[in-house]
Amino acid sequence: MTPITRTPVGGRSDTLRQAQGPEGAQGPEGAQGPDGAEEPAGAEEPEDDQAPASARQDRRAGSSRDEAAPPKRAARIAAAVSIALVGVYVAGTLVIVSPTTPVRGAVVAAAGPYFTQKWNVFAPSIMKTNITFSVQAQWRDADGTLVKSDWVNVTKLEQQAVPGHAEPSRIQKSSWNAMLAYNARYLALDAQQRELVRDTFIQRADGGGYRAQSAESLIADLDAVSTTPGSGQGDVVRFLRYDYMLKEYATAFSTAYFDQDVERVRWRIDRTRPNDFENRFSEEQQFDDTAVTFGWRHVDDVIDPETLAVYRDVVTRYGGAR
C-alpha cells in the first residue's frame with residue numbers, strides 16, 4: 001500500500017489523489033489509482049453516462065452506421081432490375097428507329113399504346129374546321145310589314161374581343177360553345193329527323209296570326225319519321241331542349257343588335273376548312289365551305305329588361321352596335 005500523507009494546509013498530495021476515487025473517497029480494498037495498479041476483480045465498465053464523451057460518440061456512430069447500411073442483397077436485386085429495364089428501353093428504342101423489319105413492326109405494335117407520341121398529345125381535341133354561328137331575325141315595321149335582317153355572324157363578333165387576352169372570358173365564346181353543344185345533339189338524330197328539324201317550327205294560331213309549334217307535336221312528328229320509333233325519344237327531347245335555349249339566345253341577341261321587337265329568328269352553322277399542311281401555300285381552296293340552316297322559330301315570350309341590357313352592353317363592347 002502507498003502511504004497516505006497529509007499536508008498542513010488541508011490540501012491533498014498527489015499520492016493521496018492517486019489512491020482515492022474520482023469523487024475523493026477511497027475505493028474498496030485493493031483499489032489502486034490510475035498509475036497502473038491492478039483494479040479489483042469483477043470491475044464493470046462504466047455506464048454510458050459515466051463513460052468519456054469520446055467513447056460514447058464512437059459507439060453511437062458505429063450503431064448509426066450499422067442501422068444505415070442497406071441490405072446488400074436487396075441493393076443488388078434493385079440494381080439488376082433497373083439495369084434490365086433501361087436495357088430493354090434502349091434496345092426497344094433502337095429497334096423502333098431502325099429500318100422497317102418484321103421485328104420493328106412487332107415492337108412498335110407492342111410499345112405504341114404506351115410510348116407513341118402524336119400531335120394530339122398537345123391538342124387532344126384538335127379541330128380541323130372553323131365553325132361559326134350566325135343569326136337572322138324578322139320584325140314588323142310601322143306599316144306592319146315583315147322585315148328580314150341580314151345574317152349576323154355572332155361568333156366572329158365575339159372573337160373581335162379575344163385578341164390581346166391570354167385567358168378570354170367565357171362570355172366571349174358563348175355562341176361558339178352553344179353552337180357546338182347544339183350541333184352534337186343535332187348529329188345524334190337520324191337522317192329523317194335532321195331533315196325535319198331544319199324546317200320551320202311555326203304554325204298558324206287560332207283566330208289568325210302565328211305561334212310556336214308545341215313541344216308535344218314536335219316530339220310526335222320527330223318520332224313518326226324515325227327509323228326506330230320510340231327508341232330515340234331521349235335524343236329528340238335533348239335536342240328540342242337545346243333548340244329552345246338557342247331560340248332564346250338568338251332572340252335576345254337580335255333584339256339587342258337590331259334594336260327591334262323581333263318576331264322570328266333562325267340560325268345557321270357555317271364550316272370552313274383550311275387546306276391540309278401539304279397544301280398550305282396553295283391559293284386554291286382545297287375544301288368547299290358548308291352551311292346548315294335551321295328554320296324560323298317564333299318568338300312568343302317577353303325578354304327580361306335586365307337580360308336585354310346585358311346583351312346590349314355585350315354588343316356595344318364587341319363593336320357590333322348599329
Side-chain angles (χ1 to χ4, degrees), residues 120 123-138 149-162 168-202 212-213 215 217-219 221-228 231-254 256-257 262 264-276 285-299 311 314-315 318 320:
N120 57 9
S125 301
I126 186 171
M127 297 184 63
K128 296 184 178 180
T129 59
N130 299 317
I131 307 177
T132 59
F133 175 78
S134 302
V135 299
Q136 190 177 32
Q138 288 183 340
S149 73
D150 297 328
W151 285 100
V152 179
N153 193 322
V154 184
T155 304
K156 184 177 180 180
L157 183 65
E158 290 175 344
Q159 291 175 347
Q160 292 179 4
V162 172
S169 172
R170 290 185 178 182
I171 193 63
Q172 295 171 343
K173 49 185 290 189
S174 59
S175 70
W176 191 80
N177 289 333
M179 175 263 305
L180 288 182
Y182 180 79
N183 187 63
R185 301 189 184 200
Y186 166 74
L187 294 177
L189 304 176
D190 60 36
Q192 296 295 328
Q193 291 173 332
R194 289 198 295 267
E195 182 179 355
L196 183 59
V197 298
R198 293 196 300 267
D199 201 352
T200 296
F201 289 178
I202 297 177
Q213 190 174 352
S217 63
L218 287 172
I219 293 175
D221 292 344
L222 289 170
D223 187 58
V225 300
S226 175
T227 55
T228 55
S231 62
Q233 282 197 2
D235 293 334
V236 169
V237 171
R238 282 190 290 271
F239 172 81
L240 291 178
R241 285 175 178 172
Y242 221 92
D243 188 270
Y244 179 82
M245 188 283 298
L246 210 58
K247 186 260 294 185
E248 296 288 298
Y249 174 82
T251 301
F253 177 86
S254 300
Y257 187 87
V262 175
R264 300 173 183 175
V265 292
R266 66 173 179 173
W267 49 86
R268 184 181 70 199
I269 298 177
D270 299 296
R271 289 182 177 85
T272 59
R273 180 175 176 179
N275 291 353
D276 291 339
Q285 189 172 352
Q286 188 178 1
F287 304 99
D288 295 331
D289 297 341
T290 60
V292 179
T293 304
F294 295 84
W296 293 100
R297 273 51 169 167
H298 189 75
V299 177
Y311 274 88
V314 168
V315 170
Y318 291 171

- Query: Does R266 have any salt bridge (Lys or Arg N to Asp or Glu O under 4.0 Å) partners at least two apart in sequence or in another chain, and if so, which?
  - Reply: none
- Quick one: CE on M179 to OH on Y249, what's the gap to the nearest 0.5 Å? 10.0 Å
- Taking atom CD of E248 and atom CG of D243, what is their separation to the nearest 0.5 Å? 11.0 Å
- Task: List the steps, then state whether side-chain contact (heavy atoms from CB on, under 4.5 Å) holds for F287 with D276.
- Result: CA-CA 9 Å; F287 304 99; D276 291 339; 3.7 Å; yes
- Message: Given 3.5 Å as the limit, does a donor-acceptor pair link the side chain of T155 with the main chain of F133, or not?
- Response: yes
- Output, in order, the C-alpha distance, side-chain angles, deciding distance and verdict of side-chain contact (heavy atoms from CB on, under 4.5 Å) for L189 and V236. CA-CA 7 Å; L189 304 176; V236 169; 4.2 Å; yes
- Query: Out of curiosity, K156 NZ to S175 OG, how far, rounded to the nearest 0.5 Å?
  - Reply: 13.5 Å
- Are Q193 and D235 close enough that a side-chain donor and a side-chain acceptor fall under 3.5 Å? no
- Can you say whether the rings of W267 and F294 are parallel (under 30°), tilted (30 to 60°) or perpendicular (over 60°)? tilted
- Query: Does the side-chain contact (heavy atoms from CB on, under 4.5 Å) test come out yes or no for R194 and V292, once each step is laid out?
  - Reply: CA-CA 10 Å; R194 289 198 295 267; V292 179; over 6 Å; no
- Message: Going by side chain to side chain contact (heavy atoms under 4.5 Å, CB included), name the residues that satisfy it together with D270, two or more places apart in sequence or in a different chain.
- Response: T132, S134, R268, A291
- Message: Counting only heavy atoms not in R198 (residues, nucleotides, ligands), do more than 12 fall under 6.0 Å from its CZ?
- Response: yes
- Identify the two heavy atoms, one from V262 and one from A137, that lie closest to each other, and give their separation to 0.1 Å. CG1-CB, 3.9 Å
- Item | Ring-face cation of R297 near F201 (centre distance under 6.0 Å, axis angle within 45°) | yes
- Query: Heavy-atom distance under 4.5 Å between the side chains of I131 and L180, does that happen here?
  - Reply: yes
- For Q233 and D223, run side-chain contact (heavy atoms from CB on, under 4.5 Å): C-alpha distance rounded to whole Å, both residues' side-chain angles, the deciding distance at 0.1 Å, then the answer. CA-CA 7 Å; Q233 282 197 2; D223 187 58; 3.7 Å; yes
- Query: Between R273 and D289, is there a salt bridge with N-O shorter than 4.0 Å?
  - Reply: no
- Message: Check whether N275 reaches the backbone of Q286 with its side chain - one donor and one acceptor, N or O, closer than 3.5 Å.
- Response: yes
- Query: Heavy atoms, side chains only, cut-off 4.5 Å: are V265 and V135 in contact?
  - Reply: no
- Message: Here's a test for you: under side-chain contact (heavy atoms from CB on, under 4.5 Å), which of V299, T251, I202 qualifies with R264?
- Response: I202
- Candidate pair S149 and Q136, rule side chain to side chain donor-acceptor pair (under 3.5 Å), full reasoning: CA-CA 6 Å; S149 73; Q136 190 177 32; 5.1 Å; no
- Given the side-chain rings of F239 and Y182, with only the six-membered ring counted for Trp, is the space between their centroids under 6.0 Å? yes
- Message: Quick check on the 6.0 Å ring-centre criterion: do Y311 and Y257 meet it?
- Response: no
- Item | Heavy-atom side-chain proximity of N183 to R271 below 4.5 angstrom | yes
- V237 pairs by side-chain contact (heavy atoms from CB on, under 4.5 Å) with which of L222, L218, I219? I219
- Task: Check whether any side-chain heavy atom of V315 lies under 4.5 Å from a side-chain heavy atom of F253, and answer yes or no.
- Result: yes
- Message: What I'd like to find out is whether the side chain of T272 reaches to under 4.5 Å of the side chain of T129, using heavy atoms alone.
- Response: no
- Note on the structure: Correct closest heavy-atom pair for N177 and Y242 would be O-OH, 4.4 Å
